[in-house]
Amino acid sequence: EGLRGALGPFGFEVHAFKVGWYNAILQPTFHLPYPDDTLAFVVLSTPSMFDKALKPFVNKERLKIIRDPVDQCVSHHLSRVKEKFPDQKVDVIFDYEILPSRKPKFLAQTAAHVAGAAYYYQRKDVKLDPWGRKKIYGVCIHPKYGGWFAIRGLLVFPDIQVPFLEQSAPVDCVSTEEKRIELLEQFNFHWQNSRYRDIIEVKERYSEEQKAYFATPPAERFRLLGLTQEAQ
């Protein structure tokens with residue numbers, strides 16, 4: 001609960017899972033190096049993170065921003081979690097981190113799915129697919145925000161074992177075959193227009209300002225936020 005209190009007001013959502021649930025469905029090269037009962041949380045940013053966390057962070061830290069402002073803002077908030085739990089060991093893994101092998105440190109969409117945060121729709125969820133030999137990537141859809149959210153990282157508590165944690169399945173909100181085909185089609189071939197994000201009725205989406213921000217290459221985002229290039 002302390003975690004929700006620490007991150008919720010800044011537009012983040014946290015969902016608990018056991019490392020074993022995640023490792024059970026992946027090849028060993030992707031396993032998280034902890035015992036199965038270890039407590040972990042997947043952290044999502046919701047549409048309100050832009051106003052509640054990013055803008056205030058940029059205004060306050062404008063001279064210290066050296067990477068992408070979003071990455072740095074997320075890093076700032078997740079690192080503050082460590083300070084909130086000084087007597088707990090907390091390992092933070094960010095969505096953009098990669099291993100020496102160039103593999104991501106964790107598979108974000110799989111983590112979101114096992115934690116019950118968002119349903120990871122993949123090609124195998126479609127019975128008769130029309131794509132032949134094309135490579136089709138899967139995508140997570142959130143029951144409340146559709147595709148208007150992002151998976152930002154994991155918080156792992158290596159010293160906390162939760163053998164009795166119960167797994168809750170993510171909400172299967174894109175339940176028909178037609179909709180799933182449309183979702184994967186839009187996501188794989190027309191993702192720029194963001195239509196896949198509205199595959200379901202959403203409670204909240206990114207503001208126009210936020211859409212423009214995320215559509216801009218990271219190096220040019222500084223200008224949009226009123227930061228000068230020198231800050232880089």
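Position 1 is the first residue of the sequence; numbering continues from there.
Residue Glu201 places its CD atom among 12 or fewer non-hydrogen atoms of other residues, nucleotides or ligands, all under 6.0 Å distant.
The CD1 atom of Ile93 sits 5.0 Å away from atom CG of Leu154, with the distance rounded to the nearest 0.5 Å. To the nearest 0.5 Å, atom CD of residue Gln72 and atom NE2 of residue His76 are 10.5 Å apart. From Arg152, atom CZ reaches atom CG of Asp95 across 6.0 Å, with rounding to the nearest 0.5 Å. Note: Phe30 CZ to Leu99 CG = 8.5 Å, rounded to the nearest 0.5 Å. Rounded to the nearest 0.5 Å, atoms CG (Leu32) and NZ (Lys18) are 14.5 Å apart. Atom SG in Cys73 sits 13.0 Å away from atom NZ in Lys52 (nearest 0.5 Å).
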Exercise for review: Begin from the C-alpha positions of Arg123 and Asp129 and carry the test salt bridge (Lys or Arg N to Asp or Glu O under 4.0 Å) through to its verdict.
Suggested key: CA-CA 8 Å; Arg123 188 173 191 159; Asp129 80 50; 2.7 Å; yes
Practice item. Check the pair Tyr119 / Val171 against side chain to side chain contact (heavy atoms under 4.5 Å, CB included), numbers first and verdict last. Key: CA-CA 6 Å; Tyr119 200 106; Val171 180; over 6 Å; no
Review point. Would Glu204 and Ser48 count as a side chain to side chain contact (heavy atoms under 4.5 Å, CB included) if you check the C-alpha gap in whole Å, the side-chain angles of each, and the deciding distance to 0.1 Å?
Key: CA-CA 9 Å; Glu204 201 183 335; Ser48 68; 3.9 Å; yes
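For His142, the side-chain hydrogen bond (donor to acceptor under 3.5 Å, both in side chains) test picks out Glu13, with sequence neighbours left out. Glu182 meets the side chain to side chain contact (heavy atoms under 4.5 Å, CB included) test with Lys179, Gln186, Arg195, Ile199; sequence neighbours excluded.
Side-chain contact of Gln161 with Thr38: a donor-acceptor pair under 3.5 Å is present, judged by distance alone. Side-chain contact of Tyr96 with Asp68: a donor-acceptor pair under 3.5 Å is absent, judged by distance alone. Looking at Trp131 and Asn188, their side chains never bring a donor and an acceptor atom within 3.5 Å of each other.
Looking only at side-chain heavy atoms (C-beta outward), Gln167 and Phe17 stay at 4.5 Å or farther from each other. Between Tyr121 and Phe187, the closest side-chain pair of non-hydrogen atoms is not below 4.5 Å. Taking 4.5 Å as the limit, some side-chain heavy atom of Met49 sits within range of a side-chain heavy atom of Leu54. The shortest side-chain heavy-atom distance between Pro130 and Ile181 falls under the 4.5 Å cut-off. Counting heavy atoms from C-beta outward, Val43 and Leu155 have side chains that approach closer than 4.5 Å. At a threshold of 4.5 Å between non-hydrogen side-chain atoms, the residues Thr110 and Tyr120 count as touching. The side-chain heavy atoms of Tyr145 and Pro47, taken from C-beta on, include a pair separated by under 4.5 Å. Side-chain contact between Arg80 and Phe10: present, with at least one pair of heavy atoms (C-beta onward) separated by less than 4.5 Å.
We find that Lys55 and Glu209 are joined by a salt bridge, their nearest charged nitrogen and carboxylate oxygen being less than 4.0 Å apart. Taking a cutoff of 4.0 Å between a charged side-chain nitrogen and a carboxylate oxygen, Asp91 and Lys105 do not qualify as a salt bridge. Between Lys64 and Glu61, at least one side-chain N (NZ, or NE/NH1/NH2) sits under 4.0 Å from a carboxylate O, which counts as a salt bridge.
Remark: Lys134 qualifies as a cation-pi partner of Phe189 under the 6.0 Å distance and 45° angle criteria applied to the six-membered ring.
Here His77 and Phe12 bring their ring centres to under 6.0 angstrom of each other. A distance below 6.0 Å separates the ring centres of Tyr206 and Phe214. Not less than 6.0 angstrom separates the ring centroid of His190 from the ring centroid of Tyr196. Taking the six-membered ring for Trp and the full ring otherwise, Phe50 and Tyr213 have centroids separated by under 6.0 Å.
Formation of a donor-acceptor pair under 3.5 Å by the Glu177 side chain with backbone atoms of Leu128 is found in this model. Listed for the Ser207 side chain is a donor-acceptor partner under 3.5 Å among the backbone atoms of Gln210. A donor-acceptor distance shorter than 3.5 angstrom exists from the side chain of Tyr22 to the backbone of Leu107, with no hydrogens or angles considered.
None of Ile141, Thr46, Val202 except one satisfies the side-chain contact (heavy atoms from CB on, under 4.5 Å) rule with Trp148; the exception is Val202.
Closest heavy-atom contact between Pro69 and Val58: CB-CG2, 4.1 Å.
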